[in-house]
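The next block holds one structure in the form of structure tokens; read it before the comments.
This structure is a prediction, so every number in the text was calculated from the model and none was measured. Every heavy atom of this structure was used, including side-chain atoms; hydrogens, water molecules and symmetry mates were not.
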Amino acid sequence: MLCFPYARQISVLTQNLSQTIVGKDEAIRLVLVALLSGGHALLEDVPGVGKTLLAKSLARSINGKFQRVQCTPDLLPTDITGTNIWNPSSREFEFLPGPAFANILLADEINRATPRTQAALLEVMEEKQVTVDGETRLVPHPFFVVATQNPIEYQGTFPLPEAQLDRFALSLSLGYPSEAEELKMLQRQQNPEAIAVGDLQSCISLGEVEALQKAVRQVKLTEDLQQYLLRLVRASRTDEDVTLGVSPRGTTALQRATQAYAFLEERDYAIDDDVKFVAPHVLAHRLIPASGKDPKAILQRILDRVPIGD
């Protein structure tokens, strides 16, 4: 089967990430779904649960360049994309690349940046390029954005607009560790042989990541499964508790995420359980609920009522 030749890369990548991240197997899997589907991930969680650690560990595992941007209200668009500076020696302007020129870009607390700076991420996330002073430059491939935001603190924040949220393939939460997992974290700190993120070795190459992304696109969805996917999306557009439903970009993201999850399960075909697993993470953040209702609860209700078959 198509996926089996890639089983080794999938296994070693997952195991490598597990060396530094305790008890977050589902989160690791979802981040890999976002990466392999060619999208980006939004991590909505409180500080200190391992969001930065996950992004750094992923970058080291794929031998990629990692850059981190701490989003603040005074952050400028050029602080992300880069800018032209005057070189007195050559008497010419030279381009100084910004953090966007990386394989893994962590935008920490993205909702603390102003809308203008948030918009600077739109082109690079969608087009994999930046335009500065009229000149367009491609960012490295693969290019993957992991953005974080604290869902509790709202003072001094700028909510992400719908166009920006729609750029994220998946939204997920790491959550607090269990008591056993937190104990294991403490024990690791006392173990001199425990692997820190700085000691993590790469296990696959950037070229292999691109090969995995191309292979994911070949995972098959039957027409019946695509019809089920469409029924879910279209139900979100007519639900009485939804002001704005899932966009066509969200439909495409759901199919690609379904393919990526089936791929991680070592199959060259997708099934309805794949759609059900990724749908809450792909669709919920794209909904604009009416009257402050919970989008996750709305989506779960849609999943419960929409039939798999005709």
4.5 Å side-chain heavy-atom contact, L299 and L232: no
Flag side-chain contact, heavy atom, 4.5 Å: L283 against S236: no
Parallel, tilted or perpendicular: rings of Y6 and F263 (30°, 60°): tilted
H40 and F144 aromatic ring geometry - parallel, tilted or perpendicular at 30°/60° bounds: parallel
Any side-chain heavy-atom pair of Q129 and V139 under 4.5 Å: no
Heavy atoms of other groups near K56 NZ, more than 12 under 6.0 Å: no
Side chain proximity check, F158 to Q118, heavy atoms < 4.5 angstrom: yes
Pair T131-E123, side-chain donor/acceptor within less than 3.5 Å: yes
Side-chain heavy-atom pair F168, M125 within 4.5 angstrom cut-off: yes
Nearest-0.5 Å distance, CD of residue Q226 to CG of residue L230: 7.5 Å
Validation row: L183, Q187 side chains within 4.5 angstrom (heavy atoms): yes
Validation row: Q164, L121 side chains within 4.5 angstrom (heavy atoms): yes
Side-chain heavy atoms of V124 within contact of V145, under 4.5 Å: no
Interatomic spacing from CG in N103 to CG in N63 - rounded to 0.5 Å: 8.5 Å
T117-T114 side chain donor-acceptor pair, cut-off 3.5 Å: yes
A260 versus L36, closest heavy-atom pair with distance: CB-CB, 4.3 Å
Presence of salt bridge, K51 and D108, under 4.0 angstrom: no
